[in-house]
There are 2 protein chains.
Amino acid sequence: VFEFEQLSYEEGERRRRRYEPLTESVRQLIDATVRTEADDATLATVKGEIDAALAKLRHDQREGTFGISATPDGRTFSWSNVVIGLRNPMAPPLVVEHDTPDKAHLDVHLGAAYEGPPGHLHGGYSALVLDHILGVTASRNDHRTAAATGTITLRYRRPTRLGQLHAEAQIQRTEGRKVYAIGHIADAEGITVEAEGLFIVVKQPG
Amino acid sequence: VFEFEQLSYEEGERRRRRYEPLTESVRQLIDATVRTEADDATLATVKGEIDAALAKLRHDQREGTFGISATPDGRTFSWSNVVIGLRNPMAPPLVVEHDTPDKAHLDVHLGAAYEGPPGHLHGGYSALVLDHILGVTASRNDHRTAAATGTITLRYRRPTRLGQLHAEAQIQRTEGRKVYAIGHIADAEGITVEAEGLFIVVKQPG
């Protein structure tokens, strides 16, 4: 069980609105850095501008992370999470939609910065996406519940094209705190990677 | 088999030197964005500076990705790869050291931007790191060989603390093009996640 900072929903939303615009700009900057064909002079100018902006942000920063905040009614705000963090430019971000208490899906565009083989998603990144959606599904859309991965197995049918992707997950069965879930990720031509995992569900205090 | 752009080693090194400084600055900016406690006025100023820099990079950019380039003697430059890309600020980057033809390790510092549970590495990101090091190990340090993940299973012993991490992989056995590899990732207190996988090894043309 991990410590969550307690705050009101209004304060959570206020912080989200405060940090999301900068986060989105840096997200765009990552994509542009991977794809630019700018000349040497432009690259040097841009680096200087980034370094100046960086110094302003570094002037007042936390030693560790902002972790996760929880509201009294059990809603959560993830700030630095690598796939959903509201303050993390590396997060695509993934947004899981719950279809039923046992089933969920997500749609996401993953571009150049998520590459493995040329033009294709890194196989390990599809593992990261599937670990996330299976874990969220195992927690049954209950914000007071966290699902820790016990084991997960990925089967790669073929490479996943970069671009618009779709992932699904569903619970197969439960045994006490153990939840067994399966899922897959697909590109425009169909399923590319399948996953099955065992998750241990833990109630958050509060 | 994927298409690699052919170039000389000198040209590859020239491009590396050209893009690495900007990439490193944007990598630092990601970390600062996740950790800053700057006030609203500073955040707005910084966002304006980033957007101006972004427009300069976007002015001349490739539609797709820069993929992987290969030299005549079989060395490769990965430009946008999500964990090793020389132009990708999201890449930590991972640097695999080959101990023997069958065994490899890596040491990497993963900070706030790689978070899952508060203060800990995202479980799916450890899957990404392990997929990478097992795949590189399966290809036996032969730059003309690529290993595609067939299946991989991750077993989570306990959460991995953010900070300095160590990963290892080794080949267990081979059957023709099939290579079976195992490995683990560890934080300062020991092994946290174990992996085993089957990789399909393919020779690159050229």
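In what follows, chains are A, B, ... by sequence order, proteins preceding strands, each numbered from 1.
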For this session: Among the options Glu49(A), Arg155(A), His122(A), pick out the one with the most heavy-atom pairs lying under 4.5 Å from chain B.
Result: His122(A)
Exercise. Between Asn81(B) and chain A, which part of the residue has a heavy atom less than 4.5 Å away: side chain, backbone, both or neither?
Worked result: both
Problem set entry | Residue among Val193(B), Val129(B), Asp51(B), Ile200(B) with most heavy-atom pairs under 4.5 Å to chain A | Asp51(B)
Problem set entry | Top of Ala127(B), Ala195(B), Gly85(B), Pro117(B) for chain A proximity - count of heavy-atom pairs under 4.5 angstrom | Pro117(B)
For this session: Heavy-atom distances under 4.5 Å only: say whether Ile84(A) touches chain B with side chain, backbone, both or neither.
Result: neither
Problem set entry | Under 3.5 Å donor-acceptor, Thr149(A) side chain and Thr151(A) backbone | no
Exercise. Checking Thr71(A) side chain against Tyr9(A) main chain: does a donor-acceptor pair fall under 3.5 Å?
Worked result: no
For this session: Could you have a look at Arg35(A), Gln28(A), Arg62(A) and say which one has the most heavy-atom pairs with chain B under 4.5 angstrom?
Result: Arg35(A)
For this session: Heavy atoms only, distances under 4.5 angstrom: which of Val83(B), Leu22(B), Leu121(B) has the most pairs with chain A? Name it, please.
Result: Leu22(B)
Problem set entry | Region of Thr42(B) in contact with chain A, defined by heavy-atom distances below 4.5 Å | side chain
Exercise. Is there a donor-acceptor pair under 3.5 Å between the side chain of Asp187(A) and the backbone N or O of Arg161(A)?
Worked result: yes
Problem set entry | Thr36(A) (side chain) donor-acceptor with Leu57(B) (main chain) under 3.5 angstrom | yes
Exercise. If you count heavy-atom pairs under 4.5 Å between each of Arg157(A), Met90(A), Glu37(A) and chain B, which one has the most?
Worked result: Glu37(A)
For this session: Side chain from CB out, backbone as N, CA, C, O: work out which of these in Thr45(B) comes under 4.5 Å of a heavy atom of chain A, or both, or neither.
Result: side chain
Exercise. How are the rings of Tyr125(A) and Tyr114(A) set to each other: parallel, tilted or perpendicular (split at 30° and 60°)?
Worked result: perpendicular
Seminar exercise, completed: Of Arg58(B), Lys56(B), Glu63(B), the largest count of non-hydrogen pairs under 4.5 angstrom with chain A goes to Arg58(B)
Problem set entry | Under-4.0 Å salt bridge between Arg15(B) and Glu13(B) | no
Seminar exercise, completed: Answer key: most heavy-atom pairs under 4.5 Å with chain B among Ile50(A), Asp40(A), Leu86(A) is Asp40(A)
Exercise. Given the options Thr65(A), Leu198(A), Leu130(A), Thr23(A), which has more heavy-atom pairs under 4.5 Å with chain B than any of the others?
Worked result: Thr65(A)
Exercise. Is the shortest distance from a Lys or Arg side-chain nitrogen in Arg27(A) or Asp31(A) to a carboxylate oxygen in the other one below 4.0 Å?
Worked result: no
For this session: Using non-hydrogen atoms and a 4.5 Å limit, figure out which bit of Asp131(B) sits close to chain A: side chain, backbone, both or neither.
Result: side chain
Exercise. Is there a donor-acceptor contact under 3.5 Å from the side chain of His120(A) to the main chain of Pro118(A)?
Worked result: yes
Exercise. Within the distance-only criterion (no hydrogens, no angle test), does the side chain of Asp107(B) pair as donor or acceptor with the backbone N or O of His166(B) below 3.5 angstrom?
Worked result: no
Exercise. Distance-only, no hydrogens or angles: does the Thr174(A) side chain make a donor-acceptor pair with backbone N or O of Gly176(A) under 3.5 Å?
Worked result: no
For this session: Report the option among Ala112(A), Gly135(A), Gly123(A) that has the most heavy-atom pairs separated by less than 4.5 Å from atoms of chain B.
Result: Ala112(A)
